[in-house]
Peer 1: 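The structure that follows is given in the form of structure tokens.
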Amino acid sequence: MEESWTNRWNKRYSAKDFAYGKTPNSYFKEQIEQLNPGSILLPAEGEGRNAVFAAKLGWEVSAFDISIEGKMKAMELAKSNNISIDYKVGELQELKYADEEFDVIALIYAHFPAAIKSIYHQRLDRHLKMGGMIIFEAFSKNHIDYVSNNEAVGGPKDVESLFSIDEIRSDFKNYEIIELIEKEIELNEGLYHNGTGSVIRFVGRKMH
């Protein structure tokens, strides 16, 4: 992954305030509360808001990000909530997670660079147990118009880094689709997700 990408996120997460707040993403919260706790992996987890929430529910939490500043904020948040999470810094292929290690993988605004996003999805699939769940929310390709009109809503400004329903179907074709929708939502998450945006929401169960 390009050094400029890492530097961008280290700069954002080095600020005193939490970039996307300390409370979990609402879709993640809604979905995770319906499941019995087990093991969960949160890629691109930033400052830890979703990881900490899952740990408080009794999940065994693993998370990773390319930003050391993100990890430092996440560990601070975990400590203030009296819970522990396993948080690694690096790229997925370096981190040595086991095959079929996790019951759930949650991709919450995990906007990887366009050239690798589908490769990352396929690699992550290896680490999910058969019958395990993907929980996904990220900006759709139509979001490009929303961020053009209101930068405060956040999200990538290149359409290739955004998602479509067809891409999700293709990347997770071995999954039973429980929900897969594109939806306009109101975001109010910290400093950088504020306003109306267009997202893809996906919940799927690994079938083979």
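Residue numbers start at 1 and run along the sequence shown.
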Peer 1: So, do S198 and K183 sit near enough that their side-chain heavy atoms are less than 4.5 Å apart?
Peer 2: no
Peer 1: Does K141 have any salt bridge (charged side-chain N to carboxylate O under 4.0 Å, His left out) partners at least two apart in sequence or in another chain, and if so, which?
Peer 2: E167
Peer 1: Can you name the residues that form a salt bridge (charged side-chain N to carboxylate O under 4.0 Å, His left out) with E33, not counting sequence neighbours?
Peer 2: K29
Peer 1: Would you mind reporting whether L128 and I134 have side-chain heavy atoms less than 4.5 Å apart?
Peer 2: yes
Peer 1: For Y20 and R12, which I'm curious about, is there any donor-acceptor pair between the side chains at under 3.5 Å?
Peer 2: yes
Peer 1: Looking at residues at least two apart in the chain, or sitting in another chain, which of them share a side chain to side chain donor-acceptor pair (under 3.5 Å) with Y87?
Peer 2: none
Peer 1: Honestly curious: do I32 and I83 fall in one hydrophobic cluster under the side-chain, below-4.5 Å linking rule?
Peer 2: yes
Peer 1: Heavy atoms only: give me the nearest A55-I85 pair and the separation to one decimal.
Peer 2: CB-CG2, 4.0 Å
Peer 1: Quick check on the hydrophobic clustering: are M72 and L191 connected, directly or via other members, by side-chain heavy-atom contacts under 4.5 Å?
Peer 2: no
Peer 1: Are the side chain of S148 and the backbone N or O of I144 linked by a donor-acceptor pair below 3.5 Å?
Peer 2: yes
Peer 1: Kindly write out the residues that satisfy salt bridge (charged side-chain N to carboxylate O under 4.0 Å, His left out) with D125, not counting sequence neighbours, or none if the list is empty.
Peer 2: K206
Peer 1: Do the side chains of L180 and I135 join up, straight or via other hydrophobic residues, at under 4.5 Å, putting them in one cluster?
Peer 2: no
Peer 1: Under 6.0 Å from the CZ atom of R8, do we count more than 12 heavy atoms belonging to anything else shown?
Peer 2: yes
Peer 1: Would you please name every residue forming a side chain to side chain contact (heavy atoms under 4.5 Å, CB included) with V153, sequence neighbours left out?
Peer 2: H143, V147, N150, L187
Peer 1: Ring-plane angle category for Y120 and F64, please: parallel below 30°, perpendicular beyond 60°, tilted otherwise.
Peer 2: tilted
Peer 1: Are the side chain of N188 and the backbone of N194 linked by a donor-acceptor contact shorter than 3.5 Å?
Peer 2: no
Peer 1: Under a 4.0 Å N-O cut-off, is there an ion pair linking K88 with D86?
Peer 2: yes
Peer 1: Identify, with sequence neighbours excluded, every residue that meets side chain to side chain donor-acceptor pair (under 3.5 Å) alongside T196.
Peer 2: E186
Peer 1: Is there a side-chain contact between I105 and P43 (heavy atoms, below 4.5 Å)?
Peer 2: yes
Peer 1: Does NZ or CZ of K22 fall inside the cone over F18's six-membered ring, less than 6.0 Å from its centre and within 45° of the axis?
Peer 2: yes
Peer 1: Give me the atom names and distance for the closest heavy-atom approach of A54 to V61.
Peer 2: CB-CG2, 3.9 Å
Peer 1: Tell me whether E151 at atom CD has more than 12 heavy atoms from other residues, nucleotides or ligands lying less than 6.0 Å away.
Peer 2: no
Peer 1: Might you point out which heavy atoms bring I116 and F112 nearest each other, and give the distance in Å?
Peer 2: CG1-CB, 4.2 Å
Peer 1: By side chain to side chain donor-acceptor pair (under 3.5 Å), which residues pair with R126, not counting sequence neighbours?
Peer 2: none
Peer 1: Between CG of N7 and NZ of K11, what distance do you get to the nearest 0.5 Å?
Peer 2: 10.0 Å
Peer 1: Would you say that L124 contacts L41 through its side chain, given a criterion of any heavy-atom pair below 4.5 Å between the two side chains?
Peer 2: yes
Peer 1: Is the shortest heavy-atom distance from the side chain of Y97 to the side chain of R123 under 4.5 Å?
Peer 2: no
Peer 1: Taking all atoms of both residues into account, what is the closest heavy-atom pair of A106 and F28, and its distance?
Peer 2: CB-CE1, 3.5 Å
Peer 1: Under the side-chain hydrogen bond (donor to acceptor under 3.5 Å, both in side chains) rule, what pairs show up with a residue in residues 46-62, not counting sequence neighbours?
Peer 2: E47-K73, R49-E189, K56-N81
Peer 1: Please give me the minimum heavy-atom distance between Y13 and S67, naming the atom from each residue.
Peer 2: CD1-OG, 3.4 Å
Peer 1: Hey, does I66 have a side-chain heavy atom less than 4.5 Å from the side chain of V89?
Peer 2: no
Peer 1: First locate atom CD1 of I108, then atom CZ of R201, and finally report the distance between them rounded to the nearest 0.5 Å.
Peer 2: 9.5 Å
Peer 1: Which pairs pass ring-ring contact (aromatic ring centres under 6.0 Å, His included) with one or both residues in residues 154-181, sequence neighbours excluded?
Peer 2: H111-F163, H121-F163, H121-F172, F136-F163, F172-Y175, F172-F202
Peer 1: Which residue in the set V199, I200, V203 passes side-chain contact (heavy atoms from CB on, under 4.5 Å) when paired with E137?
Peer 2: V199
Peer 1: Is E100 salt-bridged to K129, going by a charged N under 4.0 Å from an acidic O?
Peer 2: no
Peer 1: Same cluster or not: are W5 and Y192 linked, directly or through other Ile, Leu, Val, Met, Phe, Trp or Tyr residues, by side-chain heavy atoms under 4.5 angstrom apart?
Peer 2: yes
Peer 1: Verify the distance criterion only: is there a donor paired with an acceptor across the side chains of S161 and D158 at less than 3.5 Å?
Peer 2: yes
Peer 1: Using a 4.5 Å cut-off on heavy atoms from C-beta on, say whether the side chain of T23 contacts that of F53.
Peer 2: no
Peer 1: Linking I/L/V/M/F/W/Y whenever their side-chain heavy atoms sit closer than 4.5 Å, directly or via other members, would I40 and L107 fall into one cluster?
Peer 2: no
Peer 1: Is it true that E179 and Y27 share a donor-acceptor pair across their side chains at a distance under 3.5 Å?
Peer 2: yes
Peer 1: Taking the six-membered ring for Trp, are H127 and F102 ring centroids under 6.0 Å apart?
Peer 2: no
Peer 1: For the pair S118 and Q122, evaluate side-chain contact (heavy atoms from CB on, under 4.5 Å) and give the outcome as yes or no after the intermediate values.
Peer 2: CA-CA 6 Å; S118 287; Q122 288 153 23; 4.2 Å; yes
Peer 1: Could you work out, with side chain to side chain donor-acceptor pair (under 3.5 Å) as the rule, every residue matching E184, not counting sequence neighbours?
Peer 2: Y146
Peer 1: Between atom OG of S26 and atom CD1 of I185, what is the distance when rounded to the nearest 0.5 Å?
Peer 2: 6.0 Å
Peer 1: Evaluate whether atom CE of M75 has more than 12 neighbouring non-hydrogen atoms of other residues, nucleotides or ligands under 6.0 angstrom away.
Peer 2: yes
Peer 1: Sequence neighbours left out, what pairs pass side-chain hydrogen bond (donor to acceptor under 3.5 Å, both in side chains) with at least one residue falling in residues 35-46?
Peer 2: S39-D103
Peer 1: Backbone N or O of G70 within a donor-acceptor pair of the D65 side chain at under 3.5 Å?
Peer 2: no
Peer 1: Provide the closest heavy-atom pair for L162 versus P156 in the form atom of the first, atom of the second, distance.
Peer 2: CD2-CD, 3.7 Å
Peer 1: Any side-chain heavy atom of I178 within less than 4.5 Å of one from M133?
Peer 2: yes
Peer 1: With side-chain contact (heavy atoms from CB on, under 4.5 Å) as the criterion, how do Y109 and H193 come out once you've worked through the C-alpha distance, each side chain's angles and the decisive distance to 0.1 Å?
Peer 2: CA-CA 10 Å; Y109 297 96; H193 278 175; 3.7 Å; yes
Peer 1: E94: what forms a side chain to side chain contact (heavy atoms under 4.5 Å, CB included) with it, not counting sequence neighbours?
Peer 2: E91
